[in-house]
Amino acid sequence: MLQIAVIRENRDQVIAALAKRNMDAVTLVDTVLDLDEKRRATQVALDNVLAESNLLSKEIGDLMKSGQKDQATALKEKSTSFKEQTAQLKEALEKYTTALAEELYKIPNTPAAIVPEGKTPEDNLTVFQAGAIPKLHEGALPHWDLVKKYDIIDFELGVKITGAGFPVYKGKGAKLQRALITYFLDKNTEAGYLEYQVPHLVNEASGFGTGQLPDKEGQMYHDATDNLYLIPTAEVPVTNIFRDVILNESELPVMCTGYTPCFRREAGSYGAHVRGLNRLHQFDKVEIVRIEHPDKSYEALDGMVEHVKGILNELKLPYRILRLCGGDMGFTSSLTYDFEVFSTAQDRWLEISSVSNFETFQANRLKLRFKDKDGKNQLAHTLNGSSLALPRVMAGIIENYQTPEGIVIPEVLRPYTGFSIID
């Protein structure tokens with residue numbers, strides 16, 4: 001959530017920045033400023049009435065002590081009026097405060113200066129590419145046919161148990177999945193990230209804290225009985241560990257990693273581009289989260305990008321990095337880099353990671369602050385990234401490492417799998 005003081009002091013700049021998201025924010029921003037003005041005026045009026053009421057109470061008390069009961073009784077009628085005004089002003093303040101919060105929740109984060117202009121994924125900027133695209137043998141297959149051929153992932157069985165988008169991993173497929181999770185966590189902890197195991201359900205406050213609510217409510221699985229949400233990413237519970245926390249500046253940076261299953265309804269996702277592992281309702285992902293000093297968050301973002309690059313280099317998968325344009329960025333992000341692996345059998349790029357800096361947007365919702373050297377509380381910057389999302393990494397390995405003899409396991413994973421080929 002943008003800070004109201006920033007909007008108040010930089011109205012035109014905020015509107016111009018949101019235009020990079022192809023958003024005409026004039027009406028929304030002006031509505032926010034109008035509600036903020038009314039809220040502040042009501043707060044001033046309430047404070048004045050309370051101050052007068054306190055003075056009057058003291059005066060009544062003094063009169064009663066000095067035996068001037070008639071005068072004290074006369075003033076009590078005025079005191080009753082103050083109480084009525086106080087109740088009305090408190091009600092109005094609550095109304096304006098609630099309305100202001102509801103409008104602020106509708107405003108996405110402002111893009112960083114280096115975010116490119118654009119409306120669609122075609123406008124994203126390729127900033128890096130590495131890895132040779134392999135030449136596959138004649139008769140090479142897409143992963144949905146390969147997993148059936150080698151009986152390592154069963155999509156039909158998932159449909160039987162649950163529904164489409166819930167695959168069942170079997171045998172060497174299950175072991176490869178587990179190997180990737182352990183490998184990713186090992187790489188992250190070796191880089192200084194502290195591993196967490198977190199709940200897979202979160203409350204409404206956690207969803208609002210990281211910005212999934214109300215923006216992505218339709219994409220989340222919701223348990224109405226207990227008002228809990230299945231997590232769409234480990235970012236939500238891991239970042240919310242620090243909700244309502246004030247850190248010391250010396251504790252920064254905070255670096256966390258965690259593996260969780262992730263759940264997304266992905267309403268409206270149909271077609272050949274979502275076949276097989278390309279898009280699922282349940283999938284595994286290893287996440288990294290950082291809490292940083294505002295002066296160091298973009299340096300940290302670059303470090304996270306390099307970290308994910310290192311993993312993909314070890315897996316020897318062809319990949320590229322995109323700087324997302326304003327029209328393709330997530331609601332909460334100031335700057336996002338997407339990693340895509342090339343699927344040779346499908347002849348297309350598949351997103352496998354997003355690494356983002358949210359600046360103070362999440363921290364403002366979370367009330368996540370740090371005490372600086374002068375003893376003042378400041379909002380921290382939050383960042384997160386996938387390192388990595390499992391389904392499309394699996395798809396990339398299965399397709400790009402296929403041979404007529406079977407699917408070769410990347411060398412770096414063999415100590416984790418205990419085998420070198422799926423045949």
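Quick caveat: nothing in here was measured; it's all calculated off a predicted structure.
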Is there side-chain contact between K83 and S53, with heavy atoms separated by less than 4.5 Å? no
Going by the side-chain hydrogen bond (donor to acceptor under 3.5 Å, both in side chains) test, which pairs reach into residues 413-423, not counting sequence neighbours? D186-Y416
Between the main-chain N or O of E351 and the side-chain N or O of R392, is there a donor-acceptor pair closer than 3.5 Å? yes
Quick one: do N384 and Q362 satisfy side-chain hydrogen bond (donor to acceptor under 3.5 Å, both in side chains)? Show the steps, please. CA-CA 11 Å; N384 86 277; Q362 289 183 331; 5.3 Å; no
Check whether N10 reaches the backbone of V6 with its side chain - one donor and one acceptor, N or O, closer than 3.5 Å. yes
Does R264 reach the main-chain N or O of P232 with its side chain, forming a donor-acceptor pair under 3.5 Å? yes
Using every non-hydrogen atom in the two residues, find where N22 and G327 come nearest and quote the distance to one decimal. ND2-CA, 3.5 Å
From CA spacing to verdict: side chain to side chain contact (heavy atoms under 4.5 Å, CB included), C262, Q282: CA-CA 6 Å; C262 304; Q282 178 182 327; over 6 Å; no
Non-hydrogen atoms of S386 and S353 that approach each other most closely: O-OG, 2.6 Å
Give, for atom CG of L35 and atom CD of E102, the distance between the pair rounded to the nearest 0.5 Å. 9.5 Å
Under a 4.5 Å cut-off applied to non-hydrogen side-chain atoms, are R323 and T336 in contact? no
Would you call L322 and Y337 a side-chain contact if the rule is heavy atoms closer than 4.5 Å? no
Would Y319 and N313 satisfy side-chain hydrogen bond (donor to acceptor under 3.5 Å, both in side chains), going step by step from the backbone distance to the final call? CA-CA 9 Å; Y319 69 96; N313 289 337; 3.0 Å; yes
Is there a side-chain contact between E217 and Y229, using heavy atoms and a 4.5 Å cut-off? yes
Could you verify whether a donor N or O on one side chain and an acceptor N or O on the other, from N240 and R243, lie under 3.5 Å apart? yes
If you count the non-hydrogen atoms of other residues, nucleotides and ligands that lie under 6.0 Å from CD in Q13, is the total more than 12? yes
Stepwise, does the side chain to side chain contact (heavy atoms under 4.5 Å, CB included) test hold for I398 with V147? CA-CA 8 Å; I398 291 167; V147 299; 3.8 Å; yes
CD/Q197: more than 12 non-hydrogen atoms of other groups inside 6.0 Å: no
Could you grab the distance from atom OH of Y401 to atom CG of L413, nearest 0.5 Å is fine? 8.0 Å
Between CG of N124 and CG of D338, what distance do you get to the nearest 0.5 Å? 7.0 Å
Work out which heavy atom in M329 is nearest to a heavy atom in P111; give both atom names and the distance. CE-CB, 3.7 Å
Just by distance, with hydrogens left out, do N377 and K371 show a side-chain donor and acceptor under 3.5 Å apart? yes
Would the number of heavy atoms belonging to other residues, nucleotides or ligands and lying under 6.0 Å from CD of E314 be above 12? yes
Does a side-chain N-to-carboxylate-O contact under 4.0 Å join D30 and R11? yes
Just checking, any donor-acceptor pair under 3.5 angstrom between side chains of D372 and Q378? yes
Do Q402 and L136 have side chains that get closer than 4.5 Å, going by heavy atoms? yes
Smallest heavy-atom separation, L2 atom then L104 atom, equals O-CD2, 4.0 Å
So that I can tick it off, tell me whether K119 and D123 are bridged by a salt bridge, with the cut-off set at under 4.0 angstrom between side-chain N and carboxylate O. no
Is it the case that the ring center of H293 lies less than 6.0 angstrom away from the ring center of F370? yes
Walk me through it: do F331 and K216 pass the test side chain to side chain contact (heavy atoms under 4.5 Å, CB included)? CA-CA 9 Å; F331 186 87; K216 292 182 173 61; 4.3 Å; yes
Decide side chain to side chain contact (heavy atoms under 4.5 Å, CB included) for N188 and I311; before the verdict, give the C-alpha distance in whole Å, the side-chain angles of both, and the deciding distance to 0.1 Å. CA-CA 10 Å; N188 296 345; I311 294 174; 4.2 Å; yes
Run the numbers on K148 and D145 for salt bridge (Lys or Arg N to Asp or Glu O under 4.0 Å), then give the verdict. CA-CA 5 Å; K148 192 170 185 177; D145 289 332; over 6 Å; no
Take E52 and N48 through the side-chain hydrogen bond (donor to acceptor under 3.5 Å, both in side chains) test and state the conclusion after the steps. CA-CA 6 Å; E52 289 186 54; N48 290 338; over 6 Å; no
Taking atom types as modelled, find out whether N203 and S206 have a side-chain donor-acceptor pair closer than 3.5 angstrom. yes
I'd like to know if the side chain of D36 reaches the main chain of V32, judged simply by a donor and an acceptor atom lying under 3.5 Å from each other, with no hydrogens or angles considered. no
Please tell me if the side chains of T126 and I321 come closer than 4.5 Å, counting only heavy atoms from C-beta onward. no
Tell me whether E91 at atom CD has more than 12 heavy atoms from other residues, nucleotides or ligands lying less than 6.0 Å away. no
Taken to the nearest 0.5 Å, the spacing of T42 OG1 from E94 CD works out to 12.5 Å
Kindly give the heavy-atom pair with the smallest separation between E249 and K373, and that separation in Å. OE1-N, 3.1 Å
Minimum heavy-atom separation for C256 to Y196, with atom names? SG-CE1, 3.6 Å
Does a sphere of radius 6.0 Å around CD in Q129 hold more than 12 heavy atoms from other residues, nucleotides or ligands, not counting ones at 6.0 Å or beyond? yes
First locate atom OG1 of T31, then atom CD of E103, and finally report the distance between them rounded to the nearest 0.5 Å. 6.0 Å
Non-neighbouring partners of F155 that pass ring-ring contact (aromatic ring centres under 6.0 Å, His included), sequence neighbours left out: none
Under a 3.5 Å distance rule, please check whether T360 uses its side chain to pair with a backbone N or O of A363 as donor and acceptor. no
Quick one about H381 and E359 (side-chain donor to acceptor, distance below 3.5 Å, no hydrogens or angles considered), yes or no? no
Quick test of your reading: applying salt bridge (Lys or Arg N to Asp or Glu O under 4.0 Å), list the pairs with at least one residue in residues 287-313, sequence neighbours left out, ordered by first then second residue. K285-E287, R290-E292, E306-K309
Below 4.5 Å, heavy atoms only, C-beta onward: do L230 and M220 meet side chain to side chain? no
Could you please spell out the steps behind the side-chain hydrogen bond (donor to acceptor under 3.5 Å, both in side chains) verdict for N357 and S297? CA-CA 7 Å; N357 188 346; S297 67; 3.0 Å; yes
Do K172 and F419 meet the cation-pi criteria used here (NZ or CZ under 6.0 Å from the six-membered ring centre, within 45° of the axis)? yes
Do T332 and N109 get their side chains close enough for a donor-acceptor pair, meaning under 3.5 Å? no
I153 side, atom CD1; L146 side, atom CG - distance, nearest 0.5 Å: 10.0 Å
Counting C-beta onward and ignoring hydrogens, is there a side-chain heavy-atom pair between Y183 and V412 closer than 4.5 Å? yes
Take F208 and Y105, measure what ring pair (Phe, Tyr, Trp, His ring centres under 6.0 Å) needs, and give me the verdict at the end. CA-CA 9 Å; F208 274 95; Y105 279 135; 5.0 Å; yes
